[in-house]
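Take a look at the structure set out below.
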Amino acid sequence: MMSNTNTLMPLFRRALTNIQTPVLSFRCFCSQSSSSSSSAPSSSPSAPNNKLFVAGLSWSLDERSLKDAFSSYGEVTEVRIMYDKDSGRSRGFGFVNFTNEDDAQTAKDAMDGKALLGRPLRISFALDKVRGGPVVVPRLSNINNVFGRRS
């Protein structure tokens, strides 16, 4: 039993050495939209993106106050702040929907980095939530080299 352990130890050391310093390259299988406009990014060329993702919200901020802060840049149709299920406390981010894309872009440019109730906001255009779609998984192109195998 001891002799098996002694003979396998160098193999394990070599395998661990190869795993600790692998050179991996990832490939992502995702497509970029074909529209190359300089305005707000959208999920498809025809669908406007009127929804802003707002991070860095104070825990004491409510939907009414958030709507008031953004309504000076255009007509706000919906405001949602995300709350923790267990504690009921704000998770520190939310979404603001505008009636048109230009108002959303103006609000993003004006409010990004500005403080609201003592906390700086980080604003970007919201991405569409994908349910049931394909999952993008990075692929390891040289997995054999990680484990010391040669092709």
Shortest non-hydrogen contact from Leu117 toward Ser58: CB-CB, 4.0 Å

Donor-acceptor pair between Asp62 and Ser65 side chains, under 3.5 angstrom: yes

Min side-chain heavy-atom separation Asn97-Asn50 under 4.5 Å: no

Closest non-hydrogen atom pair, Gly88 against Tyr83: O-CD2, 3.5 Å

Minimum heavy-atom distance Asn100-Asp103, with the two atoms named: OD1-N, 2.8 Å

Interatomic distance, Glu101 atom CD to Lys108 atom NZ [nearest 0.5 angstrom]: 12.0 Å

Ring geometry between Phe98 and Phe70 (parallel below 30°, tilted from 30 to 60°, perpendicular above 60°): perpendicular

Arg119 side chain vs Leu57 backbone, donor-acceptor pair below 3.5 Å: yes

Side-chain heavy atoms of Phe125 within contact of Leu52, under 4.5 Å: yes

Heavy-atom side-chain contact between Arg122 and Phe93 under 4.5 Å: no

Interatomic distance, Asn49 atom CG to Gln105 atom CD [nearest 0.5 angstrom]: 10.0 Å

Joint hydrophobic cluster, Val76 plus Leu61, side-chain heavy atoms closer than 4.5 Å: yes

Lys51 side, atom NZ; Thr77 side, atom OG1 - distance, nearest 0.5 Å: 9.5 Å

hydrophobic_cluster_shared for Leu121 and Phe53, side chain cutoff 4.5 Å: no

Hphob cluster co-occupancy, Ile123 + Phe95, side-chain heavy atoms under 4.5 angstrom: no

